[in-house]
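Letters A, B, ... mirror the listed sequences (proteins, then strands); counts begin at 1.
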Amino acid sequence: MHDSRLLSDQLDSLRTQLGTRGKDVPWDTIHTLSEQRRNLIRQVEDLRHQLKQGSDRIGQLKRNKEPADDQMAVLRQVREQIQSMELELRAVEEPLREHALSIPNLPHQTVPKGSHEGDNEEIRRWGDLPHFSFTPRTHFDLGEALGILDFPKATKISGARFSVGIGMGAQLERALANFMLDLHVQEHGYTEVLPPVLVNRASMTGTGQLPKFEDDAFHVPTEDFFLIPTAEVPVTNLYRDDILDTNQLPIRYVAHTPCFRREAGSYGKDTQGLIRVHQFQKVELVNFVHPEQSYDELERLTKAAETILQKLKLPYRVMALCTGDLGFSAAKTYDLEVWLPSQQHYREISSCSNFEGFQARRANIRFRTKGEKPQFLHTLNGSGLAIGRTVVAILENYQQADGSVTIPQVLQPYLHGAVSIGPSKT
RNA sequence: GGAGAGGUGGCCGAGUGGCCGAAGGCACCGGUUUGCUAAACCGGCGUAGGGUCAAACCUACCGAGGGUUCGAAUCCCUCCCUCUCCGCCA
């Protein structure tokens with residue numbers, strides 16, 4: 001959400017700056033509603049002023065035991081005017097708010113211009129691509145052959161786009177979660193958080209999932225709860241409606257949670273394996289920072305996520321998303337893409353974004369420097385990393401000619417010293 | 001799920017129809033005093049919207065929403081949340 005002053009005073013400039021990102025925004029409607037709102041507020045407040053003063057006078061008359069019936073009759077009229085005008089005001093404010101919430105964030109000036117994924121800019125690459133003396137297999141092929149991933153069983157107990165990890169398939173995810181959490185906590189200064197994975201409507205609105213993307217989330221109608229699509233939602237909302245003190249910043253939180261996504265509209269894409277499933281685990285990094293520090297923090301956050309890939313020795317590249325590929329709430333995003341041998345392609349495994357004040361204004365998260373007015377802080381988050389996709393990358397990059405998979409060295413301590421995954425007996 | 005109690009400013013806490021945006025205390029900030037610290041004293045101290053060059057000023061907010069009334073923190077209704085006891089349960 002944008003600053004309300006910006007929406008009333010500088011709507012045209014916002015429209016120009018957003019360019020094609022704002023093509024679905026009803027600019028003229030917003031302009032009209034905004035004008036109407038301002039006029040109505042002025043009138044309503046004026047009437048309320050009359051009512052208030054008149055009532056005070058009646059109070060005095062009554063105390064002096066003087067008659068006040070005439071006054072009361074006049075004020076009854078005033079009250080009725082206020083009531084009808086408030087209805088008008090509400091009829092203006094509700095759609096105005098809905099529309100305002102549907103305006104995407106403004107990209108930072110360093111974001112490459114472009115209309116689609118192909119215009120994203122490669123920032124750097126890391127690692128050597130693996131060479132195989134055989135045709136590398138897909139992760140689902142390997143996983144099923146090794147007996148550590150079972151997709152038919154997942155379909156039986158839940159449906160399409162679910163997975164079951166068995167034996168090393170389950171343990172590998174657990175090891176990865178612990179490895180990532182430990183690294184971020186011990187070396188990157190993050191504090192671990194274990195949040196609820198069911199959240200209310202206000203939280204989903206605060207981080208930008210609602211109202212526009214309600215179809216993407218799983219909903220529990222009996223309680224009006226939503227299953228979180230990412231830990232970003234509960235963790236960012238920890239400070240919804242709060243005013244922090246400057247010296248509390250920066251706040252850096254890491255959370256390991258399951259994530260739930262309906263994947264509506266992605267029919268036919270990545271239908272096999274772990275790449276795109278309804279439920280997956282992710283370690284998420286969430287930062288609350290002073291506005292002046294948010295771009296330094298974006299670099300720091302991205303490096304923290306990259307460290308995981310480097311320690312796992314998985315080749316990847318860093319992409320700066322172009323204006324056309326940027327998410328709704330983000331001002332700037334770096335995607336980390338890991339190499340997948342079976343696809344001969346880099347695939348997204350982490351997305352690190354600076355939201356500037358966009359989420360903070362929606363979620364009303366502010367900070368105060370002593371003696372100054374509260375102001376909105378900046379929020380950032382990034383995956384560090386998506387665990388399911390990390391499993392995909394490990395299986396594919398570490399596969400051997402005999403169908404076994406070597407375990408990355410840094411994970412071995414988390415797996416009781418196991419060095420490789422071979423075919424299981426059961 | 002059943003029964004009861006309660007939600008007031010950063011915190012504690014008074015306030016049951018007007019003189020209440022809200023006493024008092026704590027915390028915090030500025031000042032006076034004091035050999036230092038402490039104490040004492042004086043003053044300041046919420047958020048948002050409108051308005052203004054800026055101010056003055058105006059409006060709203062006592063869990064949320066609605067109602068009664070000339071006037072609501074206070075009365076009525078609905079909802080949410082917290083706490084206590086019982087039941088159930090990892």
Between atom [atom1] in [X] and atom [atom2] in [N], what is the gap in whole Å?
X	N	atom1	atom2	answer
A:Gln36	B:G50	CD	C1'	17 Å
A:Asp46	B:U59	CG	P	10 Å
A:Ile58	B:A72	CD1	P	12 Å
A:Phe367	B:G10	CZ	C1'	18 Å
A:Glu223	B:C81	CD	P	9 Å
A:Met72	B:G17	CE	P	17 Å
A:Arg76	B:U68	CZ	P	12 Å
A:Asp241	B:G9	CG	P	14 Å

Restricting to nitrogen or oxygen on both sides, can you table the protein-nucleotides 45-49 of chain B pairs closer than 3.5 Å?
residue : atom : partner  : partner atom : Å
B:U47   : OP1  : A:Arg368 : NH1          : 2.7
B:U47   : O3'  : A:Arg366 : NH1          : 2.8
B:A48   : OP1  : A:Arg366 : NH1          : 2.7
B:G49   : N2   : A:Glu45  : OE1          : 2.8
B:G49   : N2   : A:Glu45  : OE2          : 3.1

Subject >> Paired and unpaired positions of RNA chain B as dot-bracket, Watson-Crick or G-U wobble under 3.5 Å, | denoting a partner strand >> reply: ((((((((.[[[..)..(.....]]].(((((.......))))).(((((......))))).[[[[[..)....]]]]])))))))....

Would you say [X] places a side-chain N or O within less than 4.0 Å of OP1 or OP2 belonging to [N]?
X	N	answer
A:Arg63	B:G17	no
A:Arg38	B:G51	yes
A:Arg79	B:G71	yes
A:Arg42	B:G50	no
A:His49	B:U59	yes

Subject >> Criterion side-chain hydrogen bond (donor to acceptor under 3.5 Å, both in side chains) on A:Gln359 and A:Thr379, from CA distance to verdict >> reply: CA-CA 7 Å; A:Gln359 283 185 332; A:Thr379 59; 2.8 Å; yes

Original post:
Can any side-chain N or O of A:Arg389 pair as donor or acceptor with the backbone N or O of A:Ser350 at less than 3.5 Å?
Top reply: no

Subject >> N/O donor-acceptor pair under 3.5 Å between A:Arg362 side chain and A:Leu101 backbone >> reply: yes

Say you pick atom [atom1] in [N] and the same atom in [M]; how far apart are they, in whole Å?
N	M	atom1	answer
B:U47	B:U84	P	33 Å
B:A22	B:U33	C1'	33 Å
B:A73	B:C20	P	13 Å
B:C53	B:C70	C1'	39 Å
B:A27	B:G44	C1'	14 Å
B:U78	B:A23	C1'	32 Å
B:U59	B:G21	C1'	12 Å
B:G9	B:G65	P	15 Å

Would you be so kind as to tabulate the donor-acceptor pairs closer than 3.5 Å made by side chains of residues 33-42 of chain A, with sequence neighbours excluded?
residue : atom : partner : partner atom : Å
A:Arg37 : NE   : A:Glu93 : OE2          : 3.1
A:Arg38 : NH2  : A:Ser8  : OG           : 3.0
A:Arg38 : NH2  : A:Asp9  : OD1          : 3.0

Original post:
Is the closest side-chain heavy-atom distance between A:Val25 and A:Leu18 below 4.5 Å?
Top reply: no

Subject >> Validation row: A:His378, A:Tyr295 side chains within 4.5 angstrom (heavy atoms) >> reply: no

Original post:
What does A:Arg361 touch in the nucleic acid at a heavy-atom separation under 4.0 angstrom: a base, only the sugar-phosphate, or nothing?
Top reply: nothing

Original post:
When we call it a touch if two heavy atoms are under 4.0 Å apart, what does A:Lys52 touch: a base, just sugar-phosphate, or nothing?
Top reply: sugar-phosphate

Subject >> A:Asn397 CG to A:Thr406 OG1 distance, which is reported to the nearest 0.5 Å >> reply: 11.5 Å

Subject >> CD-CG distance between A:Glu297 and A:Leu249, expressed to the nearest 0.5 angstrom >> reply: 10.0 Å

Original post:
Closest nucleotide of RNA chain B for A:Ala73 versus for A:Gln50: which of these residues is on the 5' side?
Top reply: A:Gln50

**OP:** Kindly say whether the aromatic ring centers of A:Phe367 and A:Phe288 come within a distance under 6.0 Å.
**Re:** no

**OP:** Please test A:Asp270 against A:Arg347 for salt bridge (Lys or Arg N to Asp or Glu O under 4.0 Å), starting from the C-alpha separation and ending with a verdict.
**Re:** CA-CA 11 Å; A:Asp270 307 308; A:Arg347 286 302 301 259; 3.1 Å; yes

Original post:
Going through the checks in order, is the salt bridge (Lys or Arg N to Asp or Glu O under 4.0 Å) test met by A:Glu263 and A:Arg161?
Top reply: CA-CA 9 Å; A:Glu263 297 296 346; A:Arg161 290 199 190 283; 5.9 Å; no

